[in-house]
Amino acid sequence: VFCLIRRNNYLIVALHHQNKVVQMTVATLPREATTDEILAQLTADGAVIVSDAIDRNTVQQMTDETMPYIENTPMGGDDFTGRKTQRTGALIARSPTCQRIVLHPLVIGTTRKFLAPFTKKILLHLTQTIRIHPGSAKQTLHRDRFAWGSYLPKSIEPQLNTIWALTEFTEENGATRCIPGSHTWDWEERANPDQFAYAEMSPGSVFFYTGSILHSGGANNSKRARL
């Protein structure tokens with residue numbers, strides 16, 4: 001995708017040193033970031049993290065409200081949904097805290113600007129917790145926009161997604177992996193191992209990513225579940 005690109009004073013880098021490739025990273029902005037700064041990263045890379053967008057008390061409230069439902073959710077029935085992964089939906093109906101997070105001003109403001117060229121109205125598609133357990137394999141790379149079919153031209157972006165960390169997200173425990181810049185690729189183009197980046201972030205942080213970027217859930221090689 002790139003070796004070195006600077007956008008709006010934030011740096012994403014894949015350095016080659018003594019014939020070894022340093023792991024690429026997802027750009028991370030502070031919680032004070034503006035919608036324009038987030039949009040600049042989404043345009044350049046297709047993904048960006050905003051650190052600590054909500055506080056730890058809110059994280060705990062969200063966890064407490066959803067955990068009874070999560071614990072009663074079966075594991076996925078195939079490799080894509082994850083045979084050691086619980087996916088629990090209907091969070092708007094189940095969690096008052098989720099209702100507030102969905103309406104977070106930074107998310108609403110960014111989404112309205114991002115989708116403004118394509119629509120006059122934004123709709124909430126789904127809410128879901130994804131609890132990846134130890135031993136879960138990495139998910140197949142995919143683009144979320146294909147949920148709407150592959151007939152839409154690349155010039156139309158149908159969605160903007162967020163993933164909120166309720167636990168620490170690390171490469172080891174299954175942090176979402178993505179290919180920065182792949183939102184501009186031809187659909188047939190394939191990624192190389194040195195192009196992967198992981199959405200490593202602290203609880204309360206949020207990962208924005210477009211419907212066109214290649215991404216997937218990571219493998220959980222740790223001893224604790226990731227949520």
Side-chain angles (χ1 to χ4, degrees), residues 26 28-33 35 38 42 47-78 80-115 121-134 136 139 142 144-145 147-148 158-170 173-176 178 199-211 215-218 220 222 224-227:
V26 179
T28 299
L29 305 180
R31 64 180 300 175
E32 299 81 13
T35 56
I38 297 171
L42 289 172
V48 63
I49 294 168
V50 176
S51 290
D52 304 319
I54 56 175
D55 60 37
R56 295 300 175 93
N57 286 337
T58 304
V59 170
Q60 190 60 55
Q61 289 171 358
M62 177 72 179
T63 303
D64 291 344
E65 290 167 6
T66 56
M67 191 55 68
Y69 301 102
I70 295 171
E71 290 178 342
N72 284 285
T73 300
M75 299 292 185
D78 54 41
F80 186 80
T81 56
R83 299 183 187 278
K84 293 185 177 181
T85 297
Q86 294 166 294
R87 296 172 181 267
T88 306
L91 302 183
I92 291 294
R94 293 169 165 174
S95 168
T97 303
C98 180
Q99 296 172 19
R100 296 197 302 271
I101 291 174
V102 164
L103 295 174
H104 192 289
L106 193 61
V107 172
I108 295 297
T110 300
T111 303
R112 288 193 185 282
K113 286 186 177 181
F114 181 79
L115 293 177
K121 180 185 292 186
I122 60 173
L123 300 174
L124 179 63
H125 178 208
L126 64 83
T127 55
Q128 181 183 77
T129 58
I130 302 176
R131 192 186 194 193
I132 299 180
H133 288 264
S136 182
Q139 190 184 33
H142 59 281
D144 281 351
R145 64 175 289 144
W148 313 109
Q159 67 193 86
L160 180 65
N161 311 302
T162 60
I163 294 177
W164 294 83
L166 299 182
T167 61
E168 198 81 22
F169 270 44
T170 67
N173 75 5
T176 304
C178 67
E200 296 188 298
M201 53 185 175
S202 58
S205 301
V206 58
F207 174 56
F208 289 83
Y209 63 104
T210 74
H215 72 286
S216 76
N220 189 342
S222 73
R224 301 186 66 179
R226 187 226 79 180
L227 180 62

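Values in this document were obtained by computation on a predicted structure and should not be read as measured data. For this chain, numbers begin at 1 and follow the sequence in order.
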Walk me through it: do Thr88 and Thr66 pass the test side-chain contact (heavy atoms from CB on, under 4.5 Å)?
CA-CA 8 Å; Thr88 306; Thr66 56; over 6 Å; no
CA sep, side-chain torsions, deciding dist, call: Cys178, Phe207, side-chain contact (heavy atoms from CB on, under 4.5 Å):
CA-CA 11 Å; Cys178 67; Phe207 174 56; 4.1 Å; yes
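Counting heavy atoms from C-beta outward, Thr35 and Ile38 have side chains that stay 4.5 Å or more apart. Residues Pro30 and Ser51 form no side-chain contact, since every pair of their non-hydrogen atoms from C-beta on lies 4.5 Å or further apart. With a 4.5 Å cut-off on side-chain heavy atoms, Leu227 and Met67 count as touching. Here the side chains of Thr176 and Tyr209 are not in contact, with every heavy-atom distance at 4.5 Å or above. Leu42 is listed as a side-chain neighbour of Thr110, based on a closest heavy-atom distance under 4.5 Å. For the pair Gln60/Asn57, no side-chain contact is recorded, criterion being any heavy-atom separation below 4.5 Å from C-beta on. Side-chain contact between Ser202 and Glu168 is present, with heavy atoms from C-beta onward closer than 4.5 Å. Looking at Met62 and Cys98, their side chains come closer than 4.5 Å, going by heavy atoms from C-beta outward.
Distance check, rounded to the nearest 0.5 Å: CZ of Arg226 to OG1 of Thr167 gives 6.5 Å. Atom CD1 in Ile54 sits 4.0 Å away from atom CD1 in Ile101 (nearest 0.5 Å). Within the model, atoms CZ of Arg100 and OG1 of Thr58 stand 6.5 Å from one another, a figure rounded to the nearest 0.5 Å. Between the CG atom of Asn220 and the CD1 atom of Ile132 there is a distance of 7.0 Å, given to the nearest 0.5 Å. The line from CG of Leu160 to NZ of Lys113 is 13.5 Å long, rounded to the nearest 0.5 Å. Distance check, rounded to the nearest 0.5 Å: CD of Gln159 to OG1 of Thr210 gives 8.0 Å.
There is no side-chain donor-acceptor pair under 3.5 Å between His215 and Gln139.
When Asn161, Val107, Ile49 are each tested for a side-chain contact (heavy atoms from CB on, under 4.5 Å) with Phe208, only one passes: Val107.
Judged as a side chain to side chain contact (heavy atoms under 4.5 Å, CB included), and not counting sequence neighbours, the contacts of Arg112 are Ile108, Ile122. The side chain to side chain donor-acceptor pair (under 3.5 Å) test applied to Thr170 returns Asn173, not counting sequence neighbours.
In this structure, Gly89 and Arg94 approach most closely via the heavy-atom pair O-NH1, 2.9 Å. Across Arg87 and Thr73, no two heavy atoms sit closer than the pair O-CG2, 3.4 Å. Taking all atoms of both residues into account, the shortest heavy-atom contact from Pro134 to Lys84 is O-CD, 3.7 Å. Nearest heavy-atom pair, Ser136 versus Thr85, reported as atom, atom and distance to 0.1 Å: OG-OG1, 3.3 Å. When all heavy atoms of Ala175 and Ala199 are compared, the closest pair comes out as CB-O, 3.7 Å. Closest approach of Gly77 and Arg83 over heavy atoms only: O-NH1, 3.1 Å.
Applying the salt bridge (charged side-chain N to carboxylate O under 4.0 Å, His left out) rule to pairs touching residues 57-78 yields nothing, sequence neighbours excluded.
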